[in-house]
Number of protein chains: 4
Amino acid sequence: MARTIGSHGPTTLEAIRKAGVRLIFEHGYEAMSLRQLAAEVGIQAGSLYNHISTKQDLLFDLVQDHINDLLRELDLALEGKADPGEKLRAFVAFHVTYHMTRKREVFIANSELRSLDAKNYDAVVALRGAYEQRLAQILTDGVADGAFEVVDIQVATFAILALLTGLCTWYRPGGRLTRDAIIAAHEKLVLSGVAPRAAIGQASHGSDSRRAAVAGS
Amino acid sequence: MARTIGSHGPTTLEAIRKAGVRLIFEHGYEAMSLRQLAAEVGIQAGSLYNHISTKQDLLFDLVQDHINDLLRELDLALEGKADPGEKLRAFVAFHVTYHMTRKREVFIANSELRSLDAKNYDAVVALRGAYEQRLAQILTDGVADGAFEVVDIQVATFAILALLTGLCTWYRPGGRLTRDAIIAAHEKLVLSGVAPRAAIGQASHGSDSRRAAVAGS
Amino acid sequence: MARTIGSHGPTTLEAIRKAGVRLIFEHGYEAMSLRQLAAEVGIQAGSLYNHISTKQDLLFDLVQDHINDLLRELDLALEGKADPGEKLRAFVAFHVTYHMTRKREVFIANSELRSLDAKNYDAVVALRGAYEQRLAQILTDGVADGAFEVVDIQVATFAILALLTGLCTWYRPGGRLTRDAIIAAHEKLVLSGVAPRAAIGQASHGSDSRRAAVAGS
Amino acid sequence: MARTIGSHGPTTLEAIRKAGVRLIFEHGYEAMSLRQLAAEVGIQAGSLYNHISTKQDLLFDLVQDHINDLLRELDLALEGKADPGEKLRAFVAFHVTYHMTRKREVFIANSELRSLDAKNYDAVVALRGAYEQRLAQILTDGVADGAFEVVDIQVATFAILALLTGLCTWYRPGGRLTRDAIIAAHEKLVLSGVAPRAAIGQASHGSDSRRAAVAGS
DNA sequence: TATGAATGAGAATTCATTCAT
DNA sequence: TATGAATGAATTCTCATTCAT
């Protein structure tokens, strides 16, 4: 905290992490070389080892920290929300916002799981499971009190997460749409998506074939 | 004539492609070594070059062939469908089915785009754009005749594709759900998701904030 | 000789040798691959082995045949020449002409000796020695009867051969000079070069240091 | 401070260059493997890349440095020489001396040009042209003031260079002849070779055919 | 005689990591 | 804490050669 000039320790580590996120996002973990990373930071490759212990460890730290942040901030965002609809809307808004702000960390955490070795993989998947569980619980509650209707909670959980997370493959700051517009667009899809069938049945051009499919599931 | 020992002719190429898909799916393109691939096929690494011209080319061929198949089969699946609702349902059913059957090719085509070099990347992105365009057109038509309501067509296109494609990160044949159940679950989410707001509005616990956001988009 | 249609044996071998000369001249023996060579000829690499026994053997044959031709034709060119001056002029004219006509073979025979394995190298060097010996003998005779003056016969032999052979690093058919002009230019240098010192001494700006050096040799 | 174990710093690069010159001289650039080179230096193949950037670059550096040295030292050797005869004698003495001292670099610079890629080749050929130009100018001046007579300056330039450079294919230190004797032998050939025809004409056994050829050039 | 596929060795180069300074 | 040099294993890819068909 009271760091004197010349002590670059934390600064350097931060620079490594920042550059690491960027390079892994752009090239992938396997394709990023530590020489590249060091060059980006402005040091020699060997010097990285004064700050990280391993390339694998750097990845793990980045991913783990991200998911921990995600979880913590989600819980803040859901705080005080009572009914499932409100919660789901908060979830969507939070998830979309977070993914717009930190899309590179998000992307890495989703696409580089396979580059984690077994132990690290398990740890991260456990954390991710906790996050998924938050959404699954919201859906379960909503279905229980009749606010939502889904064919399968598990599938819906995965599908909604995929839908929301897809954002970080195309979002670029300064694009055509405002943050709110993007949130609204996702909110519409998700909230409508889990809305009870009855409500939409009237307006829909629904066919028997669809009903049959659903019934058959 | 009826050769069985070793791997010869088109058989070998097929074996290379099959093993390639599996290894890239499991480890990623960068992480798959040609030694590994060759070992899987049962030949020496150098012998691969009797069948492929480059590791990069193998990836490109796999991805391109997949997307071409996807497009061709989609058009077959949509043939004869008239109204947007019917089309969207057909799209969902087709996409989900295809992704269950060939989830590894699908996964590769989505996750290894960044491993393609510039020229190949552009070619694949163009093809993928054509596929996205099919869905965008369905949504556009549905919105035009009032069957659908979405906040933003572009966003909805990407989101729905992400939702459907997410399937291949968790689907395993022989799982808890039947093929039809999985299709139905996705159909519900997508069809409801684009259903006109009016119909669901009553059932929804909609908040002012959301309406404002939508209005502002 | 009485070859029937369909028998391409000698034709193919000739094509291989021709292409081989060109490729070795352009890229060097080590840098020429048999795949390249085969492609040039229009066959598969494996098929080369119906005509040659080894890459090394191809090189050896090309070089050996060239030197044999060189020797045989030199003897024809020197036939009937009596005095050393006449012989030397004939040698120059022959060597230059031959090197203009077959500069690629010549170049290979000079630059790829080191790519020959020990046995082949020795054989070729022996043949080359015979050729050098022809020139050495001419010089020896000329010196003996006072027609020539050289400081050292061995050195003069190598130097004159290098001078003449240098031609094939710059000569291109259809250049600025006619064949005769090129011969004349070399003849002047060589014939003057071995002319007795006395004759030129007057015209030369000879220094004592040079005389001393010569005396000391 | 006084490090002696292993090879470090500029020492290693120097060792690589020295070993490189020797190996390329002996086997040719294409035939020298970096494993070989590294073994010669006493390091692992990969470690070479701490000192050079590419095999091609090593060759280029060796060749370029050699030609730069050659040019610089030639200009020193010619300094203060006034008339063409004196200059030509100085040129011969310098060239021969240099080629005896650094025959391997010289040989490489002459025989491995074709192994340079286009850009490097052009750079080296430009430098070499500057060197050739020095000799061409001496000949031009000598012809202008009547001290020399040559049939064609261009051809004479190439021929004399080839004559002198040929040295490095046979010269071995500690051979039969002293340095001075070798210089004298080449001086005699070159100086006589460009001496005016008139002076030698008397002593020569010149034939009409030769005169005709020269006249016709 | 030609082919296509295979081999096994070897090419240049890159990599994560270590360590004396 | 940084450096520069080293390591040894691994990378993609090429090569001359073989051989069943």
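As the structure is a computational prediction, the values presented were derived from the model and not from experiment. Just so it is clear: chains get the letters A, B, ... in the order the sequence lines come, proteins before strands, and each one is counted from 1.
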If we call it a pair only when both distances are under 3.5 Å in a Watson-Crick or G-U wobble match, what pairs with F/dA20?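 Per the H-bond distance test, E/dT3.
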How close or far is atom [atom2] of [N] from atom [atom1] of [X], stated in whole angstroms?
X	N	atom1	atom2	result
D/L48	F/dG8	CG	C1'	14 Å
A/D57	E/dA16	CG	P	14 Å
A/I43	F/dA2	CD1	P	6 Å
D/H27	E/dA11	NE2	C1'	16 Å
B/Q44	F/dT17	CD	P	19 Å
A/R35	F/dG4	CZ	C1'	11 Å
A/N50	E/dT17	CG	P	14 Å
C/Q56	F/dC15	CD	P	18 Å

On DNA chain F, nearest-nucleotide positions of C/I52 versus B/K55: which is more 5'?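 Its nearest nucleotide being more 5', the pick is B/K55.
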I want to confirm an ordering. Mapping B/E30 and C/A45 to their closest nucleotides on DNA chain F, which one lands closer to the 5' end?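 Its nucleotide being nearer the 5' end, the pick is B/E30.
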Drop me the distance from A/L58's CG to A/L34's CG, to the nearest 0.5 angstrom. 8.0 Å
Report the distance from atom CD of A/E105 to atom CG of A/N110, rounding to the nearest 0.5 Å.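 Those atoms lie 12.0 Å apart.
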Would you tell me if any nitrogen or oxygen in the side chain of C/T12 comes within less than 4.0 Å of OP1 or OP2 on E/dA2?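 So the side-chain polar atoms of C/T12 do come within 4.0 Å of the phosphate oxygens OP1 or OP2 of E/dA2, strictly under.
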Is the shortest side-chain N/O distance from A/H51 to OP1 or OP2 of F/dA2 below 4.0 Å?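 True: A/H51 side-chain N/O within range (under 4.0 Å) of F/dA2 OP1/OP2.
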Minimum heavy-atom distance C/V41-C/A15, with the two atoms named: CG2-O, 3.9 Å
Please report the shortest heavy-atom distance between D/G28 and D/E112, naming the atom on each side.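 Minimum heavy-atom contact is CA-OE2, 3.2 Å.
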Starting from the C-alpha separation in whole Å, work towards a yes-or-no answer on side chain to side chain contact (heavy atoms under 4.5 Å, CB included) for A/E30 and B/Y29. CA-CA 9 Å; A/E30 293 280 353; B/Y29 170 78; over 6 Å; no
So which nucleotide from E/dT3, F/dT17, E/dT14 ends up closest to the side chain of D/Y49? E/dT14
Which part of the nucleic acid, if any, lies within contact of D/S33, taking any heavy atom under 4.0 Å across all strands shown: a base, the sugar-phosphate backbone alone, or nothing?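 Contact class for D/S33: sugar-phosphate only.
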Between C/G42 and B/S47, who's closer to the 5' end of DNA chain E by nearest nucleotide? C/G42
